[in-house]
Amino acid sequence: MADAVASDVRVSTARRPTGARAFLRRKEMIAFFFALPLILIVLTLVIYPAFYALHLATLNKSMQHFVGLGNFTFLFKRNTFWMVVEQSVLFAVTAVMFKAVIGFIVAHFVHNIPQKGQRKWRGMLLIPWVIPPAMSTLAWLWLFDPSYSAFNWVLTHIGLDGIPWLGNPYWARFGVILVNVWVGSPFFMIMYLAALKSVPEQLHEAAAIDGASWFQKIWYVNLPMMRNIIQITALFSLIVTFANFDIVKILTNGGPVDQTHVFATWSFTLGIWGNDLPLGASVSLFMFPILAIAATLILRNVRKRGNEA
Amino acid sequence: MTTATAQIGGAGGAVRYGSMARANKRALRWSYFFLTLFVIFFLMPPIYMFITSLKTSAEIGAVTNPWWVYNPTLENYTTLLTQKSFLTFFKNSAIVSVLVVSVTMVVSVLAAFSLARMRFWGSATLATGVFLTYLVPETLLFIPLFKIFATFHDYTGIALINHWWVLIVLYPTLTVPFCTWIMIGYFSSIPKELDEAALIDGASYFQILTKVFIPVALPGIIAAMIFCFTVSWAQFLYPLAFTTSEDQLVLPVGIVTTLIKGDVYNWGQIMTGALLGAAPPLIIYAFLMDYYIAGLTAGATKG
């Protein structure tokens with residue numbers, strides 16, 4: 001009985017080739033067809049490899065045997081692994097904090113000067129972001145050179161001692177963070193400048209009439225108005241910085257004695273150079289939790305922003 | 001009494017007004033001062049690249065002021081630009097970038113049009129998924145992809161690893177999600193009346209896309225193309241992992257691996273190479289700065 005009714009319904013819909021429903025169906029087909037290349041690329045080159053990494057991480061070095069969590073227990077027992085965890089977190093958190101602060105300050109300075117000069121300054125300040133990081137890191141490597149460092153030349157000329165920029169673990173850590181801040185803060189500056197421009201001028205006028213100081217204007221007017229962009233930018237940057245490869249690879253290659261390795265560079269060293277793909281995959285998987293948390297937070301912020309607009 | 005306070009207030013206001021103007025002027029001067037400091041910090045490495053690129057090896061090794069060129073020469077430029085391997089790197093980079101930009105734009109404009117306007121079952125989820133894949137970094141994917149490509153070779157006999165064109169397969173993982181995401185933002189901002197009018201006039205969806213959406217969203221498309229080009233040109237990890245033969249390398253990897261020979265650093269040539277490698281994105285940026293910045297801010301503010 002129920003079957004008969006169901007087939008009846010199906011027939012009746014199928015018998016209406018024209019009209020809105022068929023039109024919609026055709027539209028859906030075309031739409032799906034248009035999105036198909038994207039779906040294929042995302043499935044084969046992002047989703048599948050991501051899950052394949054999980055599988056790869058459970059194999060032994062020759063990729064013949066299943067070892068379960070063997071790679072992970074092996075990593076947990078190694079000091080280098082914990083050093084990499086510590087350095088990755090230190091690197092990402094410190095760099096993002098400095099980038100956000102410098103970006104915020106510079107954005108305010110640019111916003112402060114007359115409109116017609118802003119373009120020129122903004123143009124110059126964004127240059128570090130435009131140069132491919134691998135290329136600009138080479139310039140930093142040369143600036144940090146142990147025997148011909150141009151920084152040390154300046155330091156010795158003003159009567160200070162030269163600094164072993166990349167030879168000493170602490171200075172090397174400082175170096176990779178410095179280069180990352182140099183590359184990344186222009187991006188923060190541009191984002192914050194765009195956010196600053198969207199703060200209504202009346203709010204500043206109202207605050208000025210109430211006798212607010214410049215600091216109060218920034219703290220009580222700009223900061224709350226920019227909160228959303230500040231969060232999104234910082235989370236974006238946290239993902240990119242946490243997964244950074246180019247800078248550490250070229251500047252220190254993880255040295256001295258693995259002290260500056262982050263997840264990406266260490267997994268490259270183990271996986272591609274050390275020819276142990278499963279172990280490399282296991283290391284890179286540790287990036288996933290932080291990325292997932294940051295991505296969820298970004299999505300929430302972007303959605304909230306969409307609702308406000 | 002009231003007039004008195006008003007007067008005092010007025011007088012105070014006048015005084016404060018003068019002090020405010022002075023304070024503004026001082027704030028302006030400080031802004032310029034600090035901006036100059038930041039510009040020096042931000043431009044120092046590229047300027048130092050340029051300075052070094054004009055030096056001879058002898059001058060680089062001498063104990064003179066490293067921030068000044070005493071005997072400027074274009075020797076490094078002529079050496080590199082006549083070197084066969086360097087020209088190969090440049091050619092590989094250019095071909096890869098142009099092809100990746102083309103492929104990405106076709107895929108992401110079609111997909112963005114479909115996701116922003118046409119909609120189908122699951123399209124909203126797919127749009128969110130596109131955004132999330134944009135957040136998956138290449139450092140998470142290169143090892144599984146390396147293994148997948150090796151297995152692919154075992155089964156089909158097609159060797160993907162150590163060929164420059166493998167990069168055309170790899171780079172879309174970085175460019176397609178972001179470009180689709182910002183194109184969805186641009187397409188959504190086009191008024192619905194426009195495509196409804198075209199639909200009533202009997203245009204097909206493909207015609208609506210090519211005759212209405214692409215012309216109207218052209219600034220967005222240019223911004224996405226610039227992003228795409230910059231990412232392809234600058235990518236370092238994929239070519240470092242997937243290509244090794246000297247004739248298959250792209251510029252960033254070529255400079256890092258061939259100009260540094262063991263412990264011998266020919267800094268004059270390395271800096272020249274790095275500067276030449278940075279030139280294409282810098283030139284595009286110099287001419288299309290506004291599009292560049294629009295693309296940069298669109299990722300987080302649109303959609």
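Lettering of chains follows the sequences in order, A, B, ..., and the numbering in each one begins at 1.
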Please rank [options] by heavy-atom pairs under 4.5 Å with chain A and give me the top one.
{"options": "B:Trp67, B:Trp30, B:Phe206", "value": "B:Trp67"}
{"options": "B:Val176, B:Leu43, B:Val109", "value": "B:Leu43"}
{"options": "B:Pro172, B:Ser31, B:Ala286, B:Ser123", "value": "B:Ser31"}
{"options": "B:Ile143, B:Leu275, B:Thr230", "value": "B:Ile143"}
{"options": "B:Ala111, B:Ala234, B:Pro177, B:Pro66", "value": "B:Pro66"}
{"options": "B:Phe113, B:Tyr32, B:Trp121", "value": "B:Tyr32"}

Quick check on [X] against chain A: is it the side chain, the backbone, both or neither that has a heavy atom closer than 4.5 Å?
{"X": "B:Ser53", "result": "neither"}
{"X": "B:Ile60", "result": "both"}
{"X": "B:Thr36", "result": "both"}
{"X": "B:Val130", "result": "side chain"}
{"X": "B:Leu115", "result": "side chain"}
{"X": "B:Leu140", "result": "both"}
{"X": "B:Phe146", "result": "side chain"}
{"X": "B:Leu240", "result": "both"}
{"X": "B:Tyr292", "result": "side chain"}
{"X": "B:Leu126", "result": "side chain"}

Hey, does [Y] have a side-chain heavy atom less than 4.5 Å from the side chain of [X]?
{"X": "A:Ile232", "Y": "A:Asn228", "answer": "yes"}
{"X": "A:Ser185", "Y": "B:Phe42", "answer": "yes"}
{"X": "B:Val250", "Y": "B:Trp233", "answer": "no"}
{"X": "A:Leu297", "Y": "A:Arg300", "answer": "yes"}
{"X": "A:Pro186", "Y": "A:Pro128", "answer": "yes"}

Given that the side chain runs from C-beta out, which part of [X] has a heavy atom under 4.5 Å from chain B: side chain, backbone, both or neither?
{"X": "A:Ile239", "answer": "side chain"}
{"X": "A:Leu291", "answer": "side chain"}
{"X": "A:Ile190", "answer": "both"}
{"X": "A:Val240", "answer": "neither"}
{"X": "A:Leu125", "answer": "both"}
{"X": "A:Leu193", "answer": "neither"}
{"X": "A:Ile250", "answer": "side chain"}
{"X": "A:Phe268", "answer": "both"}
{"X": "A:Leu38", "answer": "both"}

Task: Pairs where residues 128-141 of chain A contributes a residue and the test salt bridge (Lys or Arg N to Asp or Glu O under 4.0 Å) is met, not counting sequence neighbours - done: none
For the candidates [options], which exhibits the highest count of non-hydrogen atom pairs separated by less than 4.5 Å from chain B?
{"options": "A:Leu54, A:Ile131, A:Ile113, A:Asn112", "result": "A:Ile113"}
{"options": "A:Asn244, A:Leu141, A:Ile105, A:Leu36", "result": "A:Leu141"}
{"options": "A:Gly123, A:Gly271, A:Gly117", "result": "A:Gly123"}
{"options": "A:Ile41, A:Leu138, A:Val110", "result": "A:Leu138"}
{"options": "A:Ser147, A:Ala57, A:Pro133, A:Pro114", "result": "A:Pro114"}
{"options": "A:Gly280, A:Ala139, A:Ala150, A:Ala134", "result": "A:Ala150"}

Under 3.5 Å, side chain of [X] to main-chain N/O of [Y], donor-acceptor pair present?
{"X": "A:Trp153", "Y": "A:Tyr148", "value": "no"}
{"X": "A:Thr137", "Y": "A:Leu251", "value": "no"}
{"X": "B:Gln235", "Y": "B:Leu237", "value": "yes"}
{"X": "A:Thr269", "Y": "A:Thr265", "value": "yes"}

- [ ] Could you give me the CA-CA distance, side-chain angles and deciding distance for A:Phe236 and A:Ile298, then say whether side chain to side chain contact (heavy atoms under 4.5 Å, CB included) is met?
- [x] CA-CA 7 Å; A:Phe236 257 118; A:Ile298 292 178; 4.3 Å; yes
Open item on the list: Please output the residues of residues 277-285 of chain B in contact with chain A, using a heavy-atom cutoff of under 4.5 Å, in numerical order.
Closed with: B:Gly277, B:Ala278, B:Pro281, B:Leu282, B:Tyr285
Open item on the list: Taking NZ in A:Lys197 as the centre, count heavy atoms belonging to other residues, nucleotides or ligands within less than 6.0 Å. Is the count above 12?
Closed with: yes
Task: CZ (A:Phe288) with more than 12 external heavy atoms under 6.0 Å - done: no
TODO: Over 60° means perpendicular and under 30° means parallel, so classify the ring planes of B:Tyr238 and B:Phe242, tilted if in between.
DONE: perpendicular
Task: Cationic tip of A:Lys249 above A:Trp273 ring, under 6.0 Å, 45° of axis - done: yes
Open item on the list: Tell me the closest heavy-atom pair linking A:Phe34 and B:Ser114, and the distance in Å.
Closed with: CB-CB, 3.6 Å
Task: B:Ser97 versus B:Ser232, side-chain donor and acceptor atoms under 3.5 Å - done: no
TODO: Establish, from distance only, whether the side-chain atoms of B:Thr52 and A:Trp142 form a donor-acceptor pair under 3.5 Å.
DONE: yes
TODO: Report the C-alpha distance between B:Met271 and B:Lys55 in whole Å, list the side-chain angles of each, state the deciding distance to 0.1 Å, and finish with yes or no for side chain to side chain contact (heavy atoms under 4.5 Å, CB included).
DONE: CA-CA 10 Å; B:Met271 289 297 101; B:Lys55 289 182 184 180; over 6 Å; no
Task: Partners meeting salt bridge (charged side-chain N to carboxylate O under 4.0 Å, His left out) with A:Asp145 (sequence neighbours left out) - done: none
Scan the side chains in residues 42-53 of chain A for donor-acceptor partners under 3.5 Å anywhere in the protein, sequence neighbours excluded, and list what turns up.
residue, atom, partner, partner atom, Å
A:Thr44, OG1, A:Leu40, O, 2.8

